[in-house]
Amino acid sequence: MSLNCKIGCVRYRRSLGTETMASMFLNAPCNVGAIKHFDCKNYVGLRASSNQKLDCVGHAKKAPTRRRFVVTASERRDESLKKMGLSDQECEAAVVAGNVPEAPPVQPKPAAPAGTPSVSSLPLNRRPRRNRRSPVVRASFQETNLSPANFVYPLFIHEGEEDTPIGAMPGCYRLGWRHGLLEEVAKARDVGVNSVVLFPKVPDALKSPTGDEAFNDNGLVPRTIRLLKDRYPDLVIYTDVALDPYSSDGHDGIVREDGVIMNDETVHQLCKQAVSQAKAGADVVSPSDMMDGRVGAIRSALDAEGFQHVSIMSYTANEEFYDLISGTIDIMKNFIIIFGDVYIPCICSEERVMALFFRYASAFYGPFREALDSNPRFGDKKTYQMNPANYREAMIEVREDEAEGADILLVKPGLPYLDVIRLLRDNSSLPIAAYQVSGEYSMIKAGAVLKMIDEEKVMLESLMCLRRAGADIILTYFALQAARTLCGEKK
C-alpha cells in the first residue's frame, strides 16, 4: 500500500479572538510502502522553506484506507474574510452591482540587489527555468522517481551464527542465516524494501570441480529460502544461479583440464541448481554465469518440474571486471584503493591492506569475491563474460535471452554502463535491472570516509542515474541505507 502525501497550504486569519482555517490540498503519491516510525518532518522533498512555518499535524496511522499526513503553513487571517451568511445568489448580485469583495493586493516584485544592471528582457520564447522555479513545480514535472520499491537488497549469508564484517565493503557482513539475516530483512521491510537476493559463502570442504553442492536441496541457500518464506511469506527472493561459490576452481562453470570452461555440461548443472532453488520457494532465479543457452535450458527445466510461475532474471550484460591483488600487512586498519598512480588510504574493519588496480578491465567485482571467497584459482572469466569494450554485442545477448524466455534483463556493473542500460531500455519491452556492484559501493564509501564527497547525496544521485537510464529495479548494497534516507529516518 502506498503512502499518500497530502500537503496542506492553510491560511490562518484572526477574527474576534478566534482562528478559523481554510485549506487547499495538493495530493502527490510517494510510492513508499507502509513505514514504521515514519517522520514526515524529515521526509525528502518536504523540507520547510525559510519563510514558512511548517507544522506536522498528522502522521501515518494504521487504517484500512491510505496513510496520509498533513503539513500546514499559517499566517494571520483578515477580518474581511469572515463569512457573512449570504447565499450564492446574493454574493453574485453584489459583484454584479459593483460591490466586489476585497482580496489581498498583488505581491510586489522582489527588489534586485544594488548594482544590478538594467537590461532589456532577452527575446526568448522558451525559458526552461520556468518549470524549475519552485519545489512544487519541480516535483510536478520530475521525470524519474526513486522509491524503496525499486531496490533489491543483496545479502551475503554463511553457516555461522555471528555476522562477519567484509573488509572491502564497509557496512556489509556475511550474515548468519538463522539470526543476522532475519534481523537485516526485518529492517529492510520496515522501510519498504521487500526484495532480496542471496549470495552464499560455502565451506571449502563442500566445494568440488563440478559444484554439486549447488543443487543440494538441504544446502545453505535452499535452507535459507525456506526460513525466509516461513517468516516472511510475501518477501520476494532472488537467487544467484552460477557454480563459482561451489566450485573448487572458483569459476562459473566446470573447468576442463586444459583450462577451458565447459558450456553445455555447466548448463546441465545450472538447471539442477535452479530447480533446487525453485523447490525451496525462490521467486526469481538469476543465472549470472553467461553460458550460452542457459536461459532456455533453465526455463525448460523449471517448466518440466511445475515451476512455470518462477521468473528468470538474466545477466544479459555481465562484464568481466576483475584484477584483485590482496595481502596481509600489519599496518593500522587500512586498505588502499589504487586509481592509476594515486593511492588513497581508507578506513577498513580488518587489519589488512587490499589493493584494487583500476586498469582497462577495471576491478569492480573485487570486494564481492572477497565476500564470497570465490576468486578464480587461475585465469580469468573473459572467455564467457562480455568484453567491456563492446556495446553492440549486448543486443546479441538480449535477443537470445528474450527468445529463450527471460523475464528480466540485468546489466552488471551499473553506473559505468548507463549506455548499455539505455540500449536495452530502448530495444526491449522486458523489465530492466541494474546491479550497482561491490566496487561501485566501496568507492562511494571510501570517498565519504576521506571527506571527498557527501555520501548520502552521491548515493542517491547514483541510484537516480540508474533509474533515469532505464532501470526498473536496482540491486544495491545501499538498499537499506537509501530507503531509510528516502523515508526520512535517521541513520
Side-chain angles (χ1 to χ4, degrees), residues 151-156 165-174 197 199 201 240 242 244-245 250 252 288 290 315 317-327 334-350 352-376 380-382 385-389 410-421 433-450 452-453 455 458-463 465-466 469 471 474-479 481-482:
F151 301 148
V152 178
Y153 195 7
L155 297 172
F156 302 107
I166 300 168
M169 299 178 66
C172 292
Y173 297 81
R174 295 190 191 108
V197 56
F199 295 104
K201 168 36 175 92
D240 181 47
D244 51 332
D252 292 50
S288 62
M290 296 299 288
Y315 282 56
N318 190 5
E319 315 290 351
E320 168 53 19
F321 272 14
Y322 175 69
D323 189 356
L324 177 65
I325 305 170
S326 64
N334 295 333
F335 68 82
I336 295 176
I337 299 178
I338 304 178
F339 294 84
D341 295 326
V342 181
Y343 296 77
I344 303 176
C346 178
I347 301 301
C348 184
S349 60
E350 296 182 348
R352 65 192 321 183
V353 168
M354 302 200 62
L356 303 181
F357 182 49
F358 282 65
R359 60 187 186 187
Y360 192 77
S362 193
F364 286 119
Y365 293 168
F368 177 90
R369 289 173 182 162
E370 178 192 335
L372 296 188
D373 190 20
S374 62
N375 295 319
D380 53 40
K381 302 188 177 185
K382 293 181 180 178
Q385 293 186 345
M386 286 176 57
N387 186 341
L410 182 140
V411 177
K412 170 186 177 182
L415 207 59
Y417 288 82
L418 296 179
D419 58 332
V420 179
I421 295 172
Y435 198 147
Q436 187 182 50
V437 298
S438 56
E440 300 174 69
Y441 170 87
S442 294
M443 285 193 297
I444 294 174
K445 287 290 186 180
V449 168
L450 294 175
M452 292 179 171
I453 59 174
E455 180 179 333
V458 172
M459 170 188 69
L460 291 178
E461 183 176 343
S462 66
L463 295 170
C465 288
L466 292 169
I474 304 170
L475 285 68
T476 175
Y477 303 100
F478 282 119
Q481 182 180 344

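Residue numbers start at 1 and run along the sequence shown.
Between the CZ atom in Arg174 and the CE atom in Met169 there is a gap of 11.0 Å [rounded to 0.5 Å]. Expressed to the nearest 0.5 Å, how far CG of Leu450 lies from NZ of Lys445 amounts to 13.5 Å. Between the CD1 atom of Ile474 and the OH atom of Tyr435 there is a distance of 13.0 Å, given to the nearest 0.5 Å. Note that CE of Met452 is 14.5 Å distant from CD1 of Ile444, once rounded to the nearest 0.5 Å.
Counting all heavy atoms, side chain and backbone alike, Ala168 lies closest to Ser442 at O-OG, 2.6 Å. Here the shortest heavy-atom pairing between Pro154 and Tyr477 reads CB-CE2, 3.5 Å. Annotation for Asp252 and Ser288: closest pair OD2-O, 3.7 Å, computed over non-hydrogen atoms. When all heavy atoms of Asp240 and Phe199 are compared, the closest pair comes out as CB-CE2, 3.5 Å. Across Asp244 and Gly250, no two heavy atoms sit closer than the pair CB-O, 3.6 Å. Minimum interatomic distance between Leu466 and Ala434 (heavy atoms only, all atoms of both residues): CD2-CB, 4.1 Å.
Under the ring pair (Phe, Tyr, Trp, His ring centres under 6.0 Å) criterion, Phe478 pairs with Tyr441, not counting sequence neighbours. Shown here are the side-chain contact (heavy atoms from CB on, under 4.5 Å) partners of Ala433, two or more places apart in sequence or in another chain: Met313, Ile408, Leu410, Ile473, Leu475.
Side-chain atoms of Ser462 and Glu440 include no donor-acceptor pair closer than 3.5 Å.
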Inset, instruction - Go through the steps for Gln436 and Leu415 under the test side chain to side chain contact (heavy atoms under 4.5 Å, CB included), then give the verdict. - result: CA-CA 7 Å; Gln436 187 182 50; Leu415 207 59; 5.7 Å; no
